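Read through the structure below, which is laid out as structure tokens, and then see the notes.
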Amino acid sequence: MKTLTLCYLTLYKIFHQPAFMFLLIVEFTLIFLLLFGVHGEYEGDLLISISVFGKNIEVDLILYSLLPLLISFLWRIVMFLIIVGAAPLFSEFHTDPLLPLYLIKGISRFKLLLLYYVWSVLIILFAQVVVACVFILVFYFKFGVIITKVAYAFAFGPPIIVAILIGLSAIIAVVFEKPMVSMLVLLLCYYLQLFIYEGYLFHTSTTISIFMYIFPPLAQVQKHFLSAALQSQVFPFPVYSLFYVLVYLLLAIVLFERKEIA
Amino acid sequence: MISTQEIIRVEHLTKVYRKGIIGSDATTALHDVSFSIYEGEILAVLGTNGAGKTTLTKCILQLIRPTAGTIVHSEKLFSSSKQLSHIGYLPELFRVPPYMTAQALLRSLGSLNGLKGKVLDERIQYVLGLVQLEEQATLTTKNYSKGMIVRLGIAQAILHTPLILFLDEPTDALDPLGKVMVRNLLLELSRQGTTIIINSHLLSEIELVAHRAAIFHKGKLLRIGTVSELIGKHTGYYVVLPCYVEFPSGISCNNDGTGWKCEVNSTSQLEECLQFLKTKNITPVNIIPKRTTLEEIFIKTIEQQ
């Protein structure tokens, strides 16, 4: 009963955060754009071009040139918005005015932190899965195309990356208690390590391999999902990313156990 | 009913807050504080801002860790899972998520305390009645005034009939009627056997309800004792007269708007004064024992430091 009530209270808190509203807006905008911004031009039963906001683009051009670009571009936008939305979602639990009351009622800090973490990740996952389902339905009914791989990438890719990042955010949140700091560090972490992996910052493979162990394996996770979406070589899913999540969470729990509640 | 049984014992408690990257910036919030809290008493923790009252409460509630010293809680305060429980707490500047109704908040917090079903419903109704919030129970708290939030805070603190209740500045945001309501509530809870620790700097309020008072200043416990011990015996009388009288023995009289108040400093001087008034055929309106207020004691104690 206690755990159920706590689940309700923590979820209730997350649902009422501005960050959650922001995420909803992002997701609804994506769905809206898909539903009303993209149309197919047919000759008989044959799809010859796709109209994106009134601009006709040939199907071949879309499939072989624009789609990979569009997916990569969209991915970056979605990742940015999701990190901006997800970072405060978790770290704002420190500002919960009921936190001291939970603690004096014998609720363990471990349980509290874990609940906020699990809810934050599940909400992102749920939102992405819904958007992915809409993707599939819209493309199927509008163009007769089943885009399961793209949907798979967008449904599970961002939530897994966010799960790793929120693990990191758990530590930052315990130390700084400022959602904004969490958000900035996560954005920095995400983009910095992508730059490193893409060779913009460091060029030697030794440096890259060192960073591989310091930074969470976001680039590998991203590679796996993007390559799956683009149907080229599929990279194996880096299962060890879960190890990072566990280490981050464990550290956050140790820090939170010692934290003084203001 | 106050017993001699300790419910909490604080021994040589010290709390130092450290700031800065290497903790170089240190502030001592509590310094070698020792005292006991007894079952059923109302203990007032008095002090200026920054005296260490809230830090003391948080140390006792295990929300922050002491730098040194120990706090011994009675076994009664622990739940079966060995977690500190059976405690009610109204934090200073109590805040509630603005999207919650009073009823939803109390229901959730009551469930966390193990209350459920009809018992929980009855308790919610009862405490909302006590703090006079029944009519606003289904409104979201964003529509509440500061005073209503504090009253809701008191309701959540007493919902599960705690053995000990910690109230951090409970009357600060309340209007005079609200203060009276809280005062009566505290007295009633105390009669029912609840131990109450109340942090405040509204000394006139405290004087009316507390059994004991502890005076803190800059993290140090300066004085602790029963309110009557601290205030001491009365040191004279005020004789209230209907008109001005020139006393031969040099008793001075002032008009404070309610009548002429003449100050006498001993029982013998009072007798002398009454004899003189008899000769003048003047009947005193009232004779009031002159008492030192808790406020005066508090200021004197602080000034001695």
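All figures in this text were calculated on a predicted structure; none of them were measured in a lab. Note on naming: letters A, B, ... go to the chains in the order of the sequence lines (proteins, then strands), and numbering restarts at 1 for each one.
Smallest separation of non-hydrogen atoms from B/Gly88 and A/Ile104: C-CD1, 4.4 Å. Scanning both residues, B/Gln62 and A/Arg109, for their nearest heavy atoms gives O-NH2, 4.0 Å. Scanning both residues, B/Met100 and A/Leu98, for their nearest heavy atoms gives SD-CD1, 4.4 Å. The two residues B/Val96 and A/Pro97 make their nearest non-hydrogen contact at C-CG, 4.2 Å.
Residue contact with chain B, scored on non-hydrogen atoms closer than 4.5 Å, involves the side chain of A/Leu101 exclusively. Heavy atoms closer than 4.5 Å to chain A are found in the side chain of B/Pro91, but not in its backbone. Proximity to chain A (any heavy atom under 4.5 Å) is shown, for B/Leu93, by neither the backbone nor the side chain.
To the nearest 0.5 Å, atom CG of residue A/Leu9 and atom CG of residue B/Leu109 are 6.5 Å apart. Going from atom NZ of A/Lys105 over to atom NE2 of B/His86 covers 11.5 Å, rounded to the nearest 0.5 Å. Between the CG atom in B/Leu112 and the CD1 atom in A/Ile107 there is a gap of 4.5 Å [rounded to 0.5 Å].
By the 4.5 Å heavy-atom criterion applied to side chains, A/Leu103 and B/Leu61 are not counted as neighbours.
Annotation for A/Lys259: atom NZ counts as buried by contact number, over 12 foreign heavy atoms lying within 6.0 Å. The environment of CZ in A/Phe126 is sparse: at most 12 heavy-atom neighbours from other residues, nucleotides or ligands sit within 6.0 Å. The 12-atom threshold is not exceeded at NZ of B/Lys218, counting heavy atoms of other residues, nucleotides or ligands nearer than 6.0 Å.
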